[in-house]
Amino acid sequence: MNTKLSKIIVIVGPTTSHKTKLAIKLANTFNGEIINADAYQVYADMSIGTNAPTQEEKQSAIFHLNQFLKLDDKWDIKKFKEMAEAKILELTNQNKLPIIVGGSNLYIDTLINNYQLLDLPRNSDYDNLTNQELYDRLFKLNSTIADKIGINNRKRLIRAVQIIEHTNDPNAMVKRSNPQYDFLMIECNYPTRDELYQSINSKISSMFDEGWVDEVKQLIHKYPNLDVNTNNAYKAIGYREVYDHIVNNSLLDIELIKQKVRHYAKRQITWINNKYPSHLLFKQDNESEILNKVEQWLKQ
């Protein structure tokens with residue numbers, strides 16, 4: 001029985017670290033196609049604020065799961081996993097190299113490690129509970145899971161309580177198997193944290209110059225009945241702030257948006273180093289080295 005795992009490249013890293021640029025280079029060099037693993041670049045009407053691939057980039061390589069949904073379409077990590085797995089199988093059967101690219105680390109982790117995700121309906125019973133009440137409830141069910149999640153991650157607290165109560169199994173949280181792919185992970189970053197932060201600050205400024213506010217105005221016009229308080233797309237950093245500026249005439253604090261993106265970038269980097277310490281590091285000036293290592297890995 002052949003148990004050889006399919007090879008995939010996984011490109012992670014903070015925003016503005018040129019993940020797409022590297023992915024295109026690898027796709028063109030090694031007969032690959034790109035699969036999006038960013039939770040917000042799936043929406044067709046959100047380009048500027050999600051830093052989605054440009055039209056020029058899309059003409060340079062083949063992209064999948066990218067900008068194909070409407071804002072009111074249902075989308076979640078389970079759908080991503082199912083569609084990404086199907087696309088990986090399809091590309092592998094065509095002797096093409098799947099290249100997974102995105103900043104949504106949980107998407108990456110779920111795909112690599114084959115998390116078994118439960119398809120549970122949304123339960124509004126938890127909406128009126130405070131984080132403390134959710135934490136206490138989870139602590140009684142499984143103190144280890146409660147301590148691991150912490151009191152501030154409301155979304156994960158609700159998910160954990162729901163799964164355990166639904167299954168009546170204190171150990172029913174998402175179970176991980178061995179990796180289902182032979183993967184090579186590449187982290188894109190900058191030589192220093194200051195350079196990364198400067199890049200983020202510059203990119204956010206340019207997003208507004210390119211028309212981010214007008215993009216959100218178009219979203220409001222196209223989806224007038226959308227509930228921005230619950231809609232998944234509006235959870236992307238900056239979109240709610242721009243929405244409130246347009247609809248409620250609130251101050252548009254661009255510096256605060258920059259700060260939020262910098263903090264998110266820091267969490268992304270920490271997660272990568274803690275979860276997947278064995279990975280290649282692309283720091284803008286070592287592309288040829290990365291290409292050589294990928295070539296060697298593909299021959300193994």
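Predicted model, so just to flag it, every value in this text is computed and none were measured.
Remark: R137 engages E165 in a salt bridge, criterion side-chain N to carboxylate O under 4.0 Å. The pair K79-E82 fails the salt-bridge criterion, with no side-chain N (NZ, NE, NH1 or NH2) lying under 4.0 Å from an Asp/Glu carboxylate O.
In this structure a side-chain-to-backbone donor-acceptor pair under 3.5 Å is missing from N114 to Q180. For the pair N31 (side chain) and K96 (backbone), a donor-acceptor distance under 3.5 Å is absent. Listed for the T29 side chain is a donor-acceptor partner under 3.5 Å among the backbone atoms of K25. No donor-acceptor pair closer than 3.5 Å links the side chain of S206 to the backbone N or O of D209. With hydrogens and angles ignored, the 3.5 Å screen pairs a side-chain donor or acceptor of Q268 with a backbone N or O of G103. Between the N153 side chain and the I149 main chain, no donor and acceptor come within less than 3.5 Å of each other. The main-chain N or O of R159 is never found under 3.5 Å from a side-chain atom of Q162 such that the two would form a donor-acceptor pair. In terms of modelled atom types and a separation under 3.5 Å, the side chain of E133 and the main chain of Y126 share no donor-acceptor contact. Between the side chain of N286 and the main chain of F282, no donor-acceptor pair closer than 3.5 Å is present. A donor-acceptor pair under 3.5 Å is formed between the side chain of N142 and the backbone N or O of T144.
The shortest distance between side-chain heavy atoms of L65 and K87 does not fall below 4.5 Å. Between F30 and E295 there is a side-chain heavy-atom pair separated by less than 4.5 Å. Taking the side chain as every heavy atom from C-beta outward, E33 and L97 never approach each other to under 4.5 Å. Side-chain contact between V242 and I246: present, with at least one pair of heavy atoms (C-beta onward) separated by less than 4.5 Å. A 4.5 Å side-chain heavy-atom check between K203 and M207 finds at least one atom pair inside the cut-off. Residues I9 and P98 have side chains not in contact (no heavy-atom distance under 4.5 Å, counting atoms from C-beta outward). The closest side-chain heavy-atom distance from I108 to M185 is below 4.5 Å. When side chains are defined from C-beta on, L69 does not count as touching K74, because their heavy atoms never get closer than 4.5 Å.
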Side chain to side chain contact (heavy atoms under 4.5 Å, CB included) evaluation trace for F183 with K7: CA-CA 6 Å; F183 68 95; K7 285 182 177 287; over 6 Å; no

Residues V10, Y181; criterion side chain to side chain contact (heavy atoms under 4.5 Å, CB included); working and verdict: CA-CA 10 Å; V10 179; Y181 301 109; over 6 Å; no

Audit row: I145, L138, side chain to side chain contact (heavy atoms under 4.5 Å, CB included) steps and yes/no: CA-CA 8 Å; I145 294 294; L138 179 57; 4.1 Å; yes

H18 vs C188, side chain to side chain contact (heavy atoms under 4.5 Å, CB included): CA-CA, chis, key distance, verdict: CA-CA 7 Å; H18 302 292; C188 294; 5.8 Å; no

N232 vs Y40, side-chain hydrogen bond (donor to acceptor under 3.5 Å, both in side chains): CA-CA, chis, key distance, verdict: CA-CA 8 Å; N232 183 65; Y40 303 109; 4.7 Å; no

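Judged by distance alone, the side chains of Q67 and K58 do bring a donor and an acceptor atom under 3.5 Å apart. Between the side chains of R267 and N105, no donor N or O sits under 3.5 Å from an acceptor N or O. D147 and Y135 share a side-chain donor-acceptor pair at under 3.5 Å. Of the N and O atoms on the side chains of Y234 and D227, not one donor lies less than 3.5 Å from an acceptor on the other residue. Checking T192 against E195 by side-chain atom types alone, a donor-acceptor pair falls below 3.5 Å. Between the side chains of Y190 and S199, a donor-acceptor pair is found at a separation under 3.5 Å. A side-chain N or O of D109 and one of Y276 form a donor-acceptor pair less than 3.5 Å apart.
Closest non-hydrogen pair, M46 versus A52, comes out as O-CB, 4.3 Å. Counting all heavy atoms, side chain and backbone alike, L91 lies closest to H64 at CD2-NE2, 4.2 Å. The shortest non-hydrogen separation linking L134 to V161 is O-CG2, 3.9 Å. Minimum heavy-atom separation, L5 to P179: CD1-O, 3.7 Å. The two residues I99 and G32 come nearest to each other via the heavy atoms CD1-CA, 4.2 Å.
Summarising the geometry, atom CD belonging to E85 is positioned 10.0 Å from atom OG1 belonging to T110; distances are rounded to the nearest 0.5 Å. Going from atom OG of S205 over to atom CD1 of I257 covers 10.5 Å, rounded to the nearest 0.5 Å. Atom OG of S6 is separated from atom CD1 of I88 by 8.0 Å, given to the nearest 0.5 angstrom. To the nearest 0.5 angstrom, D72 atom CG is 6.5 Å from L226 atom CG. Note that the CD atom of Q259 and the CD1 atom of I200 stand 12.0 Å from one another [nearest 0.5 Å]. A distance of 8.5 Å separates CG in L251 from NE2 in H245, rounded to the nearest 0.5 Å.
Ring pair W75/F80 is perpendicular by interplanar angle, where above 60° counts as perpendicular and below 30° as parallel.
Within a 6.0 Å sphere centred on CG of N248, other residues, nucleotides and ligands contribute more than 12 heavy atoms. Enclosure of atom NZ in K21 is not indicated, since only 12 or fewer non-hydrogen atoms of other residues, nucleotides or ligands lie within 6.0 angstrom. Residue K148 qualifies as open at atom NZ: its count of foreign heavy atoms under 6.0 Å is 12 or below. By the neighbour-count criterion of 12 heavy atoms within 6.0 Å, atom CD of E56 is sparsely surrounded, having that number or fewer from other residues, nucleotides or ligands.
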Check: residues 212-224 side-chain donor-acceptor pairs under 3.5 Å, at least two apart:
{"residue": "E215", "atom": "OE1", "partner": "G49", "partner atom": "N", "Å": "3.4"}
{"residue": "E215", "atom": "OE1", "partner": "Y239", "partner atom": "OH", "Å": "2.5"}
{"residue": "E215", "atom": "OE2", "partner": "S47", "partner atom": "N", "Å": "2.9"}
{"residue": "E215", "atom": "OE2", "partner": "I48", "partner atom": "N", "Å": "2.8"}
{"residue": "K222", "atom": "NZ", "partner": "D45", "partner atom": "OD1", "Å": "3.1"}
{"residue": "K222", "atom": "NZ", "partner": "D45", "partner atom": "OD2", "Å": "3.3"}
{"residue": "Y223", "atom": "OH", "partner": "D45", "partner atom": "OD2", "Å": "2.6"}
{"residue": "Y223", "atom": "OH", "partner": "L71", "partner atom": "N", "Å": "3.3"}

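Cluster annotation: L106 and I237 are assigned to the same hydrophobic cluster (Ile/Leu/Val/Met/Phe/Trp/Tyr, side-chain heavy-atom contacts under 4.5 Å, transitive). Neither W297 nor I100 shares a network with the other; the hydrophobic side chains, linked directly or stepwise wherever heavy atoms of I, L, V, M, F, W or Y lie under 4.5 Å apart, form separate groups for each. Note on I35: it does not cluster hydrophobically with V294, by side-chain heavy-atom contacts below 4.5 Å among ILVMFWY residues. At a threshold of 4.5 Å between side-chain heavy atoms, the hydrophobic network of Ile, Leu, Val, Met, Phe, Trp and Tyr places L291 and I34 in one connected group. Linking ILVMFWY residues whenever their side-chain heavy atoms come closer than 4.5 Å, directly or via other members, places I186 and F63 in the same cluster.
Pairs engaging residues 240-260 under the salt bridge (charged side-chain N to carboxylate O under 4.0 Å, His left out) rule: R240-D244, E241-K260, E255-K258 [sequence neighbours left out].
Residue H279 is tested with I272, V12, I11 for a side-chain contact (heavy atoms from CB on, under 4.5 Å); the sole match is I272.
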